Structure formats: C-alpha cells, structure tokens
Amino acid sequence: MLSNNEKLLMQIYNSLLGHFGPQEWWPAESKLEIIIGAILTQAVAWRNVEKAINNLKNKNLIDAHKLLDIEEEELALLIKPALYNYQKAKKIKVFMNYLIDNYDGNLDLMFNNSLHKLRNELLSIWGIGEETADSILLYAGNYPIFVVDAYTKRIFYRVSLTSEKISYKEMQQFLQQNLQPSVEVYNEYHALIVSLGAVYCKKKNPLCNSCPIIKNCKFQKGK
DNA sequence: ATCCAGCGGC
DNA sequence: GCCGCGGGAT
C-alpha cells in the first residue's frame, strides 16, 4: 500500500522521464573524473565545468598523482572556467592527498567501504560538503543515496511536498523514505530534477505554463 | 553573514 | 552590463 507521497514522487519521476528522457549521468569516462567534476560543479552550472574538465583531459591530468604533482597555481588556471578556481584547485589537491594517503590512490579500495563509513569520511575532508559527498557516493560509487541540491528543495517546495526552509538531511530523508532504495532511480531522478530546475522551475520567472509536472504542482495556482 | 570570482542568458 | 548559478568554508 503506497502512501500519497510515494505515489506522487513516482508520478513526478515518470513525467520527468517521459519529458526529458534518460539523462545518462554522470557524464564522465572514469570514477576519478566524476569526483573532480563533483568538486568543480559546486555552485556552478555544468556548462561552466565542461571546459575545465576538458582542459585537464587534454593534459592527461585525470590522475591522482599527476594532480598532486602539478603546481596549484597552474591547476587553478586550467580550471578557471569552473569559477572559484583557486579554492577548487586546493580542494582537488586535498582530495587527491586523502585518496593516496588512505587508499594508495585506489578508488575501488575506497568504495569497498560501507556507505555510512565512507560518507562520514568524505565529509571530514576539507572542500567536500553533503552534496559533493553524496554525488561521489551515488555517481562514482553506486551507493543508493539521494543527492539533494538547491533545485531539489525549490521544486518539492513548490510542488508542495516539503517546506521552504528544509535542511539537506531532512530533504534527503523525505525522499529516501518515500522511494524504494534504487541506485538507478536515485541517479536518474536527481539528473531529471537538475534539468527541470534549469529549464522550467527557475527561481525567477519559472515556465509553469509548459512545465512537464504542472498537474502535480500547487505553485502559482490561486493567483 | 560573507568570501570565492567565470560564464551564458536576458 | 547585469544577474544568478548543480556549495562549501570561515
């Protein structure tokens, strides 16, 4: 017996999937590239990150040791398109240090950990917050954990499933308690939310008239 | 509550 | 030319 929340969440998921099609996330050729992308995309749209990633690829720098060997200044210049580039260069180096010190640079070893243990470990690293940690866990590690972002909170608030000032943890718990744990669904759902948030459910001037989930949304009704 | 500091859309 | 982004740290 499914609750109303469970039904609504799956209705929204199916509408988004029908409208946008499978998003095939994460767009990357390796797990390390996913992790680098997860750091670079903090507070930045993905299009800003692509150039930065390509700059690293062109120099064969998607490699933990090489990223440690390169000067931080030079790394910062390569990832300039991704914004906050000096901070992010430091974040990348801090993560690569962690990976080499604790797992000999071996990601398969790192992903041998339980979800709970690895999540806490990632959160203890400077530069890795909740969204970045969960992106790494879901998209690189294939752990069943739902990635929450600003779009997620805005969309489910407008749909009227959650409150406006919900915390990251509360939002994540709401979703995971009302969805069957599935790496595939969590992967696709977050990607679809990002598309909806960027194209239709924008902060300002949302395109409600053509929104694919307007029938499930209470936002703007009654105006 | 403020810093970080490039990019495309309007 | 402005403005808001797929956050995180202090």
Side-chain angles (χ1 to χ4, degrees), chain A residues 12-13 16-17 20 22-28 33-56 72-98 119-141 145-159 162 164-172 175 185-211 213:
Chain A
I12 291 171
Y13 176 77
L16 292 176
L17 191 56
F20 291 106
Q23 301 297 293
E24 298 179 11
W25 272 30
W26 188 288
E33 187 184 327
I34 294 175
I35 293 169
I36 295 166
I39 292 171
L40 291 180
T41 199
Q42 290 171 359
V44 170
W46 181 253
R47 58 172 184 269
N48 294 6
V49 176
E50 287 181 317
K51 285 186 182 179
I53 297 263
N54 280 331
N55 288 345
L56 296 180
E72 198 166 306
E73 167 94 19
E74 192 183 343
L75 178 57
L77 292 178
L78 286 169
I79 62 171
K80 203 177 186 57
L83 188 56
Y84 311 136
N85 52 318
Y86 282 89
Q87 265 196 11
K88 286 176 179 176
K90 190 178 293 290
K91 290 179 181 181
I92 288 173
K93 281 190 168 285
V94 168
F95 179 85
M96 299 308 152
N97 257 316
Y98 153 83
R119 187 174 196 271
N120 285 329
E121 214 173 274
L122 291 174
L123 288 176
S124 74
I125 302 171
W126 183 88
I128 308 286
E130 293 190 284
E131 185 184 339
T132 308
D134 290 338
S135 295
I136 291 170
L137 290 164
L138 175 65
Y139 290 103
I145 189 153
F146 205 106
V147 176
V148 172
D149 66 351
Y151 289 158
T152 314
K153 292 183 187 176
R154 181 163 79 231
I155 288 167
F156 288 116
Y157 164 64
R158 285 180 175 174
V159 167
T162 50
E164 186 168 19
K165 288 170 188 168
I166 193 169
S167 71
Y168 186 99
K169 185 178 219 172
E170 288 170 331
M171 186 75 239
Q172 186 175 58
L175 291 165
V185 173
Y186 289 3
N187 175 321
E188 194 65 49
Y189 212 150
H190 173 68
L192 289 166
I193 284 170
V194 170
S195 287
L196 184 71
V199 181
Y200 295 96
C201 200
K202 300 183 291 182
K203 190 187 289 185
K204 280 189 172 180
N205 306 117
L207 309 180
C208 297
N209 292 332
S210 48
C211 177
I213 60 167

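A note on names: the letters A, B, ... follow the listed sequences, proteins ahead of strands, and every chain is numbered from 1. Since we're looking at a predicted model, the values are computed, not measured.
- Mapping T41(A) and G127(A) onto DNA chain C by nearest heavy atom places T41(A) closer to the 5' end of the strand.
- Here the two rings, on W46(A) and W26(A), have centers that are under 6.0 Å apart.
- Using P as the reference atom, dG1(C) and dA5(B) are 24 Å apart when rounded to the nearest Å.
- In this structure, the NZ atom of K90(A) is 16 Å from the C1' atom of dA5(B), given to the nearest Å.
- Distance N205(A) CG to dG4(C) P: 11 Å, rounded to the nearest Å.
- Taking atom OH on Y84(A) and atom P on dC5(C), their separation rounds to 11 Å, with Å as the unit.
- Side-chain nitrogen and oxygen atoms of W46(A) include none within less than 4.0 Å of the OP1 or OP2 phosphate oxygen of dC5(C).
- Atom CG in D134(A) sits roughly 13 Å away from atom C1' in dG7(C) (whole-Å rounding).
- Note on K88(A): every side-chain N or O is 4.0 Å or more away from OP1 and OP2 of dC4(B).
- Within the nucleic acid shown, I193(A) has no heavy atom closer than 4.0 Å to any nucleic acid atom.
- No more than 12 heavy atoms of other residues, nucleotides or ligands shown are found within 6.0 angstrom of OH on Y157(A).
- Of the candidate nucleotides dG7(C), dC5(C), dT10(C), dC5(C) has the atom lying nearest to any side-chain atom of R154(A).
- No more than 12 heavy atoms of other residues, nucleotides or ligands lie within 6.0 Å of NZ in K90(A), so this atom counts as exposed by the packing criterion.
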Return the polar atom pairs (N/O with N/O) between nucleotides 7-10 of chain B and the protein under 3.5 Å, or none.
| from | atom 1 | to | atom 2 | distance (Å) |
| --- | --- | --- | --- | --- |
| dG8(B) | O4' | R47(A) | NE | 3.4 |

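- Taking every side-chain heavy atom of T132(A) into account, dG8(C) is the closest of dA5(B), dC5(C), dG8(C).
- Here dG7(C) presents its P atom at 13 Å from CD of E130(A), a figure rounded to the nearest Å.
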Inset, instruction - Evaluate the side chain to side chain contact (heavy atoms under 4.5 Å, CB included) criterion for residues F156(A) and I166(A): first the C-alpha distance (whole Å), next the side-chain angles of each, then the deciding distance (0.1 Å), finally the verdict. - result: CA-CA 10 Å; F156(A) 288 116; I166(A) 193 169; over 6 Å; no

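- K203(A) comes within 4.0 angstrom of the backbone, heavy atoms only, and of no base.
- When the C1' atom of dG7(C) is taken as reference, atom NZ of K91(A) falls 6 Å away, rounded to whole Å.
- Judged by distance alone, the side chain of E170(A) and the main-chain N or O of S167(A) form a donor-acceptor pair under 3.5 Å.
- Looking at heavy-atom distances under 4.0 Å, Q87(A) makes contact with a base.
- In the model, Q172(A) has a side-chain atom that pairs as donor or acceptor with a side-chain atom of D134(A) under 3.5 Å.
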For residues 121-132 of chain A, run the donor-acceptor check on the side chains, cut-off 3.5 Å, and write out each pair with its distance to 0.1 Å, sequence neighbours left out.
| from | atom 1 | to | atom 2 | distance (Å) |
| --- | --- | --- | --- | --- |
| E121(A) | OE1 | Y103(A) | OH | 3.3 |
| E121(A) | OE1 | K117(A) | NZ | 3.0 |
| E121(A) | OE2 | Y98(A) | OH | 2.5 |
| E121(A) | OE2 | Y103(A) | OH | 2.5 |
| S124(A) | OG | E121(A) | O | 2.6 |
| T132(A) | OG1 | Q42(A) | NE2 | 2.9 |

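- Using a 4.0 Å heavy-atom criterion, one finds that L40(A) contacts no nucleic acid atom at all.
- Protein atom CD of Q42(A) is 15 Å distant from nucleotide atom C1' of dA5(B), rounded to whole Å.
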Legend entry - side chain to side chain contact (heavy atoms under 4.5 Å, CB included) between V147(A) and T152(A), intermediate numbers included: CA-CA 9 Å; V147(A) 176; T152(A) 314; over 6 Å; no

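- Within 4.0 Å of A38(A), counting heavy atoms only, lies no atom of the nucleic acid at all.
- In this structure, I39(A) atom CD1 and dA9(C) atom C1' are separated by 14 Å, rounded to whole Å.
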